[in-house]
Amino acid sequence: MLLSRLARVSQEVAAASARSRKTALLAELFRDAEADDVPIVIPYLAGRLPQGRLGIGWKVLGRPVAPAAEPSLTVRGVDARLTALGKVSGTGSQAERARLVGELMGAATEEEQRFLFGLITGEVRQGALDAVAVEGLALATGAPAAGVRRAVMLAGSLQAVAGALLADGPDALGRFRLTVGRPVQPMLARSAPSVAEAVAGLGACAVEEKLDGIRVQVHRDGGTVRIYTRTLDDITDRLPELTATARELDGERFVLDGEVLAFDEAGRPRSFQETAGRVGSRVDVGAAAREVPVSPVFFDALSVDGRDLLDLPLTRRHAELARLVPEPMRVRRTLVSGPGDVGRAEDFLAAALARGHEGVVVKALDAPYGAGRRGASWVKVKPVHTLDLVVLGAEWGHGRRTGRLSNLHLGARTAEGGFAMLGKTFKGMTDAMLAWQTERLRELAVAEKGWGVTVRPELVVEIAYDGLQRSTRYPAGVTLRFARVVRYREDKRPQDADTVETLLAAHPEVAP
DNA sequence: TTCCGACAGTGGGGTCGCAAT
DNA sequence: ATTGCGACCCCACTATCGGAA
């Protein structure tokens, strides 16, 4: 199959607004793909490369290359070139990679160039990723969409399911079940502003501590242990102490879900930055593990002794977890009978925060494990802080925000009477706010830059954030974590904005 | 008809590791 | 040695479609 066909369909998918139309376009293409093209076409149209990331980004791709006049690239040919590109390494490799990229782009038409660019940077912007590709695959093969979705969650991969379906038809779905050693999409939580609201929607529930670390899925099959992240990357080699722990547990075959994080001598959690740095270390893992050892805290069991527990209620899964994992390695929790019992949940949240944790996750006791779902049965609650900050500048948006000033530069007042930038945010704005701030910030602009504008510090905006973290980038030595706009405060003047001093005083554990 | 669940998009900061400077 | 870049951790929020109520 020619790449031009994919590029054309991708553009049509992007132009279609109805999801059903996108699905139909993808299904038509999947049906036409030859068997050898399928393992490439499916991920491409889901906006991903079968090779995963190539180590090539905007910098190399940004260089313009004259497009070819006529399409000639085949899907398989492109795949072979990209595989070769991913394998280039060593000194001088950047130049070689740039050369190969230039060669590929030079063989592509303008439309194909746009498609390849999106594919390689991971931004296809066609309004259809995995979920829509799953629908298209179901339509193309006559398999039930829910069955395909479930198979993909259990296989942890769209490609495997696509290959089986197109080769063997809808019956192939039955082959996909939870397998020890093969990661499944983890269950996710939605958020609520208070435990009262979280409990109100759930009835009888467990309230568990929310730990600020790295999500891990631990598989053990006899002497073999594998550890996967939330995105199903294999990080076994980086966590030798967790591998050892899994081998010591009193079970031969299991799959556990949990969080891994570092604690200090007093047993309080170390900062996310410290845990993430440790887990990210790959070169001298032994030294990293000695310096910042991490501990697992498990909260779910997906499989024990060959029994698949996914469809069992949390109560049953937790009973299995408790049989397998000693109490200190399980997440701290309390049980709440329902909305009449909210006081217990609120007390538990306060205690969790006092112990230095992020918040709580409220879980319905009767809910199964919804692999890959951000279902309503897990709800996280974290305290939210707010500040009144001053807009110092704004950056031009991309995609659907093109032509709008989007990403705000936020400043707090300093003791010297100026403003210290604390970070940026693009979150929380409605389309109306984007339009309004674009106009207002242009009026306040003192300098037009390529990336946006700097403005007179006059506009006050209320910002919500989850906490402070250390920063080497910003002058106060700290930055906001997960900053988002709540509303503009036109009733406030910049001299009413919060100061760096009060911010640091509110988070003494982070203050430099 | 209205409501709401699921998705895609729009990017944030930090850290690590590699290659280039 | 330092810098730039990309990958991958953590993540919030809005707009939209389409099925459920």
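This structure is a prediction, so every number in the text was calculated from the model and none was measured. So you know, we letter chains A, B, ... as the sequences are listed, proteins then strands, and number each from 1.
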DNA chain B: 5'-proximal contact among A:Gly277 and A:Phe272 (nearest heavy atom): A:Phe272
When you match A:Gly397 and A:Gln273 each to their closest nucleotide on DNA chain B, which lands nearer the 5' end? A:Gly397
Which nucleotide in [options] has an atom nearest any side-chain atom of [X]:
{"X": "A:Asp233", "options": "C:dC11, B:dG13, C:dC9", "value": "C:dC9"}
{"X": "A:Lys424", "options": "C:dT14, B:dG13, C:dA12", "value": "B:dG13"}
{"X": "A:Gln94", "options": "B:dG12, B:dA19, C:dC8", "value": "B:dA19"}
{"X": "A:Leu129", "options": "B:dA8, C:dT16, B:dG14", "value": "B:dA8"}

Counting just side-chain N and O atoms, does [X] come under 4.0 Å of either OP1 or OP2 of [N]?
{"X": "A:Thr479", "N": "B:dG13", "result": "no"}
{"X": "A:Ser471", "N": "B:dG14", "result": "yes"}
{"X": "A:Lys59", "N": "B:dA19", "result": "no"}
{"X": "A:Ser281", "N": "B:dT15", "result": "no"}
{"X": "A:Arg190", "N": "B:dA6", "result": "yes"}
{"X": "A:Arg473", "N": "B:dG14", "result": "yes"}
{"X": "A:Thr275", "N": "C:dC9", "result": "no"}
{"X": "A:His398", "N": "B:dG9", "result": "no"}
{"X": "A:Arg125", "N": "B:dT10", "result": "yes"}
{"X": "A:Asn407", "N": "B:dG12", "result": "yes"}
{"X": "A:Thr472", "N": "B:dG14", "result": "no"}
{"X": "A:Arg484", "N": "C:dC13", "result": "yes"}
{"X": "A:Lys22", "N": "B:dC7", "result": "no"}

Heavy-atom nearest nucleotide on DNA chain C taken for A:Trp58 and for A:Arg21; more 5' hit belongs to A:Trp58
Residue closer to the 5' end of DNA chain C, A:Ala432 versus A:Ala483 (nearest nucleotide): A:Ala483
What is the distance, to the nearest angstrom, from the [atom1] atom on [X] to the [atom2] atom on [N]?
{"X": "A:Arg404", "N": "C:dT14", "atom1": "CZ", "atom2": "P", "answer": "16 Å"}
{"X": "A:Leu434", "N": "B:dG9", "atom1": "CG", "atom2": "C1'", "answer": "13 Å"}
{"X": "A:Glu123", "N": "C:dG6", "atom1": "CD", "atom2": "P", "answer": "12 Å"}
{"X": "A:Phe426", "N": "C:dC13", "atom1": "CZ", "atom2": "P", "answer": "11 Å"}
{"X": "A:Leu61", "N": "C:dA7", "atom1": "CG", "atom2": "P", "answer": "10 Å"}
{"X": "A:Arg401", "N": "C:dA15", "atom1": "CZ", "atom2": "P", "answer": "9 Å"}
{"X": "A:Lys427", "N": "B:dG12", "atom1": "NZ", "atom2": "C1'", "answer": "5 Å"}
{"X": "A:Ile235", "N": "C:dC9", "atom1": "CD1", "atom2": "P", "answer": "7 Å"}

Base, sugar-phosphate, or nothing for [X], non-hydrogen atoms under 4.0 angstrom?
{"X": "A:Leu480", "value": "nothing"}
{"X": "A:Ala464", "value": "nothing"}
{"X": "A:Ser191", "value": "nothing"}
{"X": "A:Asp431", "value": "sugar-phosphate"}
{"X": "A:Val132", "value": "sugar-phosphate"}
{"X": "A:Ala131", "value": "sugar-phosphate"}
{"X": "A:Ala18", "value": "sugar-phosphate"}
{"X": "A:Tyr465", "value": "nothing"}

Can you confirm whether the side chains of A:Thr425 and A:Arg484 place a donor and an acceptor under 3.5 Å from each other? no
Residue pair A:Asp257 / A:Tyr369, side-chain donor-acceptor N/O under 3.5 Å: yes
Can A:Arg481 be said to sit on top of A:Phe272's aromatic six-ring, NZ or CZ under 6.0 Å from centre and within 45° of the ring axis? yes
Partners passing salt bridge (charged side-chain N to carboxylate O under 4.0 Å, His left out) against A:Arg487 (at least two apart in sequence or in another chain): A:Glu462
Would you mind pulling out the nucleotide paired to B:dC7, Watson-Crick or G-U wobble, both distances under 3.5 Å? none
Around atom CZ of A:Arg401, are there more than 12 heavy atoms from other residues, nucleotides or ligands closer than 6.0 Å? yes
Compare every heavy atom of A:Glu395 with every heavy atom of A:Lys424, then report the nearest pair and how far apart it is. NZ-OE2, 2.8 Å
Between A:Ala262 and A:Val292, which heavy-atom pair has the shortest distance, and what is it? CB-CG1, 3.6 Å
List for me each residue that meets ring-ring contact (aromatic ring centres under 6.0 Å, His included) alongside A:His357, sequence neighbours excluded, and say none if there are none. none
